[in-house]
Amino acid sequence: MTTFNRRDLGLLVLRLGTGAVLAAHGTQKLAGWFGGGGIEGTTAAMESMGFLPPKHSALAAGIGETGGGALLALGLATPAAGAAAAGTMAGAVAVHAPAGFFAMGGGYEYPAFLGFAAAAIGLTGPGAYSLDHVTCHVLNRPWVVGLAFAGSALAAAAVVGRRSKGRADSAGTEEG
């Protein structure tokens, strides 16, 4: 008789739900699916939000969400997937932060939750019901966790910092 491990089953449900939401959100940016603007609309949105260069930012956000979400759902390269999705959500949090916490007022509640969930999965690991488990965790090693999260944190800080500097520079030229 096979018994299911509740922890592994819970991780499967969390990975599938979080990954599917992230992937769907990312395909809005990349392909215009589910009512999204596609890469052109996302590029215009990125430009209006102060992300430079806007097309690279649109591609990075779409790939981070779509790729990170799909890999999380599959439980493949879980640390890199969680780090990529969390880093991408850090950029979204920066955009929504001026509106406060709650999503009802345009705040960062939703992207923060997705980022924390993705990071938690990336740090915890995918569980037994995953492709990482099937492949003997070749892409789910402790050094991958450290490298993926350090790289994602540095990239997110650079992107958010560049956006902040660009917004401050444009505000200065508008005043002058």
Side-chain angles (χ1 to χ4, degrees), residues 14-15 17-34 36-73 77-124 143-176:
L14 183 60
R15 277 194 357 259
T18 304
V21 168
L22 283 162
H25 199 66
T27 59
Q28 289 180 307
K29 290 176 175 62
L30 291 177
W33 294 358
F34 310 113
I39 200 65
E40 295 81 18
T42 305
T43 297
M46 290 293 185
E47 187 170 31
S48 74
M49 290 183 274
F51 286 99
L52 299 171
K55 186 163 189 175
H56 291 150
S57 298
L59 286 167
I63 291 168
E65 291 173 6
T66 304
L71 289 172
L72 280 176
T78 304
T88 303
M89 290 298 100
V93 166
V95 168
H96 293 279
F101 178 72
F102 291 103
M104 289 291 288
Y108 63 92
E109 171 185 18
Y110 180 66
F113 178 76
L114 285 175
F116 283 125
I121 296 165
L123 292 169
T124 303
W143 67 267
V144 176
V145 174
L147 188 62
F149 278 91
S152 180
L154 288 172
V159 167
V160 170
R162 182 185 303 162
R163 176 181 178 262
S164 295
K165 182 182 179 322
R167 291 174 62 80
D169 290 348
S170 72
T173 54
E174 288 174 8
E175 292 175 5

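Computed over heavy atoms, backbone and side chain alike; hydrogens, waters and symmetry mates excluded.
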Can you give each donor-acceptor pair under 3.5 Å made by side-chain atoms of residues 80-104, sequence neighbours left out, with the distance rounded to 0.1 Å?
unit_1, atom_1, unit_2, atom_2, d
Thr88, OG1, Ala84, O, 2.8
His96, ND1, Gly106, O, 3.0

Got a donor-acceptor contact below 3.5 angstrom from the [X] side chain to the [Y] backbone?
{"X": "Thr66", "Y": "Thr27", "answer": "yes"}
{"X": "Arg163", "Y": "Phe51", "answer": "no"}
{"X": "Ser152", "Y": "Ala148", "answer": "no"}

Nearest heavy-atom pair of [X] and [Y]: which atoms, and what distance?
{"X": "Val144", "Y": "Pro79", "result": "CG1-CB, 4.0 Å"}
{"X": "Ile63", "Y": "Leu30", "result": "N-CD1, 4.0 Å"}
{"X": "Ala118", "Y": "Leu22", "result": "CB-CD1, 4.3 Å"}

Atom pairs and distances, donor-acceptor, side-chain atoms in residues 41-49, under 3.5 Å, two or more places apart:
unit_1, atom_1, unit_2, atom_2, d
Thr42, OG1, Lys29, O, 3.2
Thr42, OG1, Gly38, O, 2.7
Thr43, OG1, Ile39, O, 2.7
Ser48, OG, Ala45, O, 2.8

Approximate separation, where rounding is to 0.5 Å, of [X] [atom1] and [Y] [atom2]:
{"X": "Arg167", "Y": "Arg162", "atom1": "CZ", "atom2": "CZ", "result": "15.0 Å"}
{"X": "Leu114", "Y": "Glu65", "atom1": "CG", "atom2": "CD", "result": "8.5 Å"}
{"X": "Leu71", "Y": "Thr78", "atom1": "CG", "atom2": "OG1", "result": "8.0 Å"}
{"X": "Phe116", "Y": "Thr18", "atom1": "CZ", "atom2": "OG1", "result": "13.5 Å"}

